[in-house]
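Just below is one structure, and these are the notes that go with it.
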Amino acid sequence: MSITVYNTLSARKEPFEPLAPDSVTMYVCGPTVYNLAHIGNARPVVVFDVLFRLLQTQYGKVVYARNITDVDDKIIAAARETGRGIDEVTAEFTAKYREDMAALNALPPTLEPHATHNIEAMIALTQTLIEKGHAYESQRHVLFAVESMPDYGRLSKRSLDDMLAGARVEVADYKRHPGDFVLWKPAAAEDPGWESPWGRGRPGWHLECSAMIRAHLGETIDIHGGGRDLIFPHHENEIAQSRCAHGGDYVRYWMHNAYLDIDGEKMSKSLGNFRTVRELLGHYRGEVLRFALLSAHYRSPLNFSAELLDQAEATLAAFYNTLRALEEVPAAGEVALAEESFYRALEDDLNTPLAIAELHALAKQLHKAADAEKPLLKARLLAAGKLLGILQQAPDEWLQGGAGEEGIDAEAIDALINERQQAKADKHYARADAIRAELLAAGVELEDSREGTRWRRI
RNA sequence: GGCUCGGUGGCAGAGUGGUUAUGCAGCGGAUUGCAAAUCCGUCAACGCCGGUUCGAUUCCGACCCGAGCCUCCA
């Protein structure tokens, strides 16, 4: 039982060893709740959900926190645009985010800290940084002084000089060094704000995560995850804040997922080439989206397309079909995870594509197995599915249900199947085939077997 | 410009210093009234040029191409 993860900080795979022997702390950057999550936003959620499930098989206590950023310029802008209150906007999109992620079979995190509930911790952290000479006040802002930290840039592997060379942004006049970033900024009277030693204001984005991690998980956590694009500046700055405030390690393992591409370009809100999870759920079931997201390794870009989703749908249908044929077979026997190849694949830096390949191998064994071997094989397949967060539904429910609007209802289908059975018994094959064609046109595929005719929606 | 990371068969996508996953699609066969599902078999790949090596897709170097970060972004 040993998990290996790729640590962005060291740029290599490392054996995972938590700080405490039987417990793990994990934090993943959550959403800024000003609009709907897109499918790219869902990738880290699904990836780290698999990690969460995997860790739970080995450690007695796994504390997984995913924050809600509910104070931000974009939220203020969104509220203003729609003429609604900030709270109304954040409540709506927080609720929708939870629904969408649940639809993807993502387990709820252990903790879901909200930025606005942790303002005191943020102010305290800012004060500590000022006291220790790592931050300064300037024109009602409080800024982190990057030059006060010798190894600033270590995570993103760039030096302050590199950053200056590539600077594309005008430097605000209240900054001592162009790389200094905001810990606290003033709030306009009409905007949300909190009283602080530096006047009424609100926290900078990077500060939120550092403060919430400290408040809820401690000074050193085991795993911090998020999208690759957060490496700089967000995570770099978190490290600066937390290390300078508390000393010691901040995060033992940094994990970053690659993003989803559309036509070879990153899917992002700024490019506008995104598809929301909610919209996609109108066409595909959450499990299909989840499977698609897991079909490539989390550190590789994944090209998002209709073909990808159709492929995922077809593959899941094949697995559920396998399970449906075994409905009378109980899943039984002891599954020794440590010896399972799908499990070892996941232990190796979450190699989900390889784990899925092992699922195929299990399904194949199942098709060929003697009856006596089936209960254990089925249990193994289901255990693998559980870790990946798939294949847990009743096969008929999955195969006969659909994401979109319902077509022909099940009763009518059964009636036609019965009629076709009779036609077949009478050797009226033309009629039997006509019924099959009619059902196919209605999106229903038939499968004859010794046990009778089964159907599924396609 | 600086800093990262990639380029694998028709498509998706793992992996490895030598026996070259897996899925879909294709082809041949078994099965089926015909299909579907399933099974058996089969085709096919490692960007380009050098180097190291008995042997490289895998290691090293150059080159070409692509993506990302350097600004809010999963």
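Naming: A, B, ... by sequence-line order, numbering from 1 per chain.
- Atom name P, nucleotides B:U58 and B:U52: the rounded distance is 15 Å, in whole Å.
- In this structure, the CG atom of A:Leu294 is 15 Å from the C1' atom of B:A12, given to the nearest Å.
- Pairing for B:C34 is absent, with no Watson-Crick or G-U wobble pair whose two atom distances lie under 3.5 Å.
- Here the closest heavy-atom approach between residue A:Thr82 and residue A:Val89 is recorded as OG1-CG2, 4.4 Å.
- Residue A:Asn321 is in sugar-phosphate contact alone, with no base atom involved, counting any heavy-atom pair closer than 4.0 Å across all strands shown.
- Between A:Phe52 and A:Met26 the shortest heavy-atom distance is CB-CE, 3.8 Å.
- Across B:U22 and B:A14, the matching P atoms stand 15 Å from one another, rounded to whole Å.
- Closest to the side chain of A:Pro353, out of B:C69, B:C72, B:G13, is B:G13.
- Note on A:Ser159: nothing from the nucleic acid sits closer than 4.0 angstrom, heavy atoms only.
- Taking atom C1' in both B:G47 and B:U38, the straight-line distance is 39 Å, to the nearest Å.
- The nearest heavy atom of RNA chain B to A:His297 and to A:Ser156 marks one nucleotide each, and the one closer to the 5' end goes with A:Ser156.
- Base pairing analysis places B:A21 opposite nothing; no Watson-Crick or G-U wobble pair with both distances below 3.5 Å involves it.
- A:Leu230 places its CG atom 10 Å from the P atom of B:C70, with the value rounded to the nearest Å.
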Self-check item: Check against ring pair (Phe, Tyr, Trp, His ring centres under 6.0 Å), A:Tyr298 and A:His256
Solution: CA-CA 8 Å; A:Tyr298 78 94; A:His256 294 97; 9.6 Å; no
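- The separation of B:C72 from B:G66, taken at their C1' atoms, amounts to 25 Å, rounded to a whole angstrom.
- If you check B:C72, B:G68, B:A14 against the side chain of A:Lys266, the one that comes closest is B:G68.
- Of the candidate nucleotides B:C39, B:A14, B:C34, B:C39 has the atom nearest to the side chain of A:Lys364.
- Picking from B:G23, B:A36, B:A74 the nucleotide with the shortest atom distance to the side chain of A:Gln311 gives B:G23.
- As rounded to whole Å, 16 Å separates atom C1' of B:C3 from atom CG of A:Asp229.
- Look at A:Thr352 and you won't find any side-chain N or O under 4.0 angstrom from OP1 or OP2 of B:A14.
- Of the candidate nucleotides B:A74, B:C24, B:U22, B:A74 has the atom lying nearest to any side-chain atom of A:Met267.
- Nearest nucleotide to the side chain of A:Asp448, out of B:A14, B:G23, B:A35: B:A35.
- Between B:U38 and A:His367, no contact under 4.0 Å exists linking OP1 or OP2 to a side-chain N or O.
- Among the heavy atoms of the strands, none lies under 4.0 Å from A:Gly153.
- Distances from the side chain of A:Glu445 to the nucleotides B:C72, B:A21, B:A36 place B:A36 closest.
- Listed nucleotides B:C40, B:U22, B:G33 differ in distance to A:Lys424; the shortest reach to its side chain belongs to B:G33.
- Pairing for B:C49 goes to B:G61, judged as Watson-Crick or G-U wobble with the two contacts each under 3.5 Å.
- Between A:Leu260 atom CG and B:G68 atom P the separation is 13 Å, expressed in whole Å.
- Taking a cutoff of 4.0 Å between a charged side-chain nitrogen and a carboxylate oxygen, A:Asp73 and A:Arg202 qualify as a salt bridge.
- Separation of the C1' atoms belonging to B:A30 and B:A37 is 14 Å when rounded to the nearest angstrom.
- Separating the P atom of B:U20 from that of B:G41 is a span of 14 Å, rounded to the nearest Å.
- With hydrogens and angles ignored, no donor-acceptor pair closer than 3.5 Å exists between the side chain of A:Asn351 and the base of B:G15.
- Atom CG of A:Leu302 and atom C1' of B:A14 are 14 Å apart (whole Å).
- For B:G10 and B:A45, the P atoms lie 8 Å apart once the distance is rounded to whole Å.
- Residue-to-nucleotide proximity on RNA chain B shows that, of A:Ala318 and A:Asn303, the 5′-proximal contact is made by A:Asn303.
- In this model, the phosphate group of B:G2 is not approached by any side-chain N or O of A:Lys157 to a distance below 4.0 Å at OP1 or OP2.
- Within 4.0 Å of A:Leu446, counting heavy atoms only, lies at least one base atom of the nucleic acid.
- A donor N or O paired with an acceptor N or O is found under 3.5 Å between the base of B:C34 and the side-chain atoms of A:Arg436.
- Applying the Watson-Crick and G-U wobble criteria (two distances, each under 3.5 Å), B:G66 pairs with B:C5.
- In this model, no side-chain donor or acceptor of A:Arg43 finds a partner on the base of B:A74 within 3.5 Å.
- Rounded to the nearest Å, the gap between the P atom of B:U4 and that of B:G61 is 13 Å.
- When distances are taken from the side chain of A:Arg158 to each of B:A37, B:C39, B:C69, the shortest belongs to B:C69.
- A cation-pi arrangement, defined by a distance under 6.0 Å to the six-membered ring centre and an angle within 45 degrees of its axis, is absent between A:Arg275 and A:Phe304.
- In this model, a side-chain donor or acceptor of A:Lys74 finds a partner on the base of B:C72 within 3.5 Å.
- For the pair A:Ile356 and A:Ser295, the tightest heavy-atom approach, listed with the atom from each and the gap, is CD1-CA, 4.1 Å.
- Closest non-hydrogen pair, A:Glu358 versus A:Ser341, comes out as OE1-OG, 3.1 Å.
- Here the C1' atom of nucleotide B:A74 and the OH atom of A:Tyr298 are 14 Å apart, to the nearest Å.
- Separating the NE2 atom of A:His206 from the P atom of B:U71 is a distance of 10 Å, rounded to the nearest angstrom.
- Taking a cutoff of 4.0 Å between a charged side-chain nitrogen and a carboxylate oxygen, A:Asp448 and A:Arg420 qualify as a salt bridge.
- For the residue pair A:Tyr320 and A:Asp396, no side-chain donor N or O sits within less than 3.5 Å of a side-chain acceptor on the partner.
- Distance from the side chain of A:Leu354 is smallest for B:A14 among the nucleotides B:C70, B:A14, B:G23.
- For the pair A:His428 NE2 and B:C34 C1', the interatomic distance rounds to 16 Å; values are reported in whole Å.
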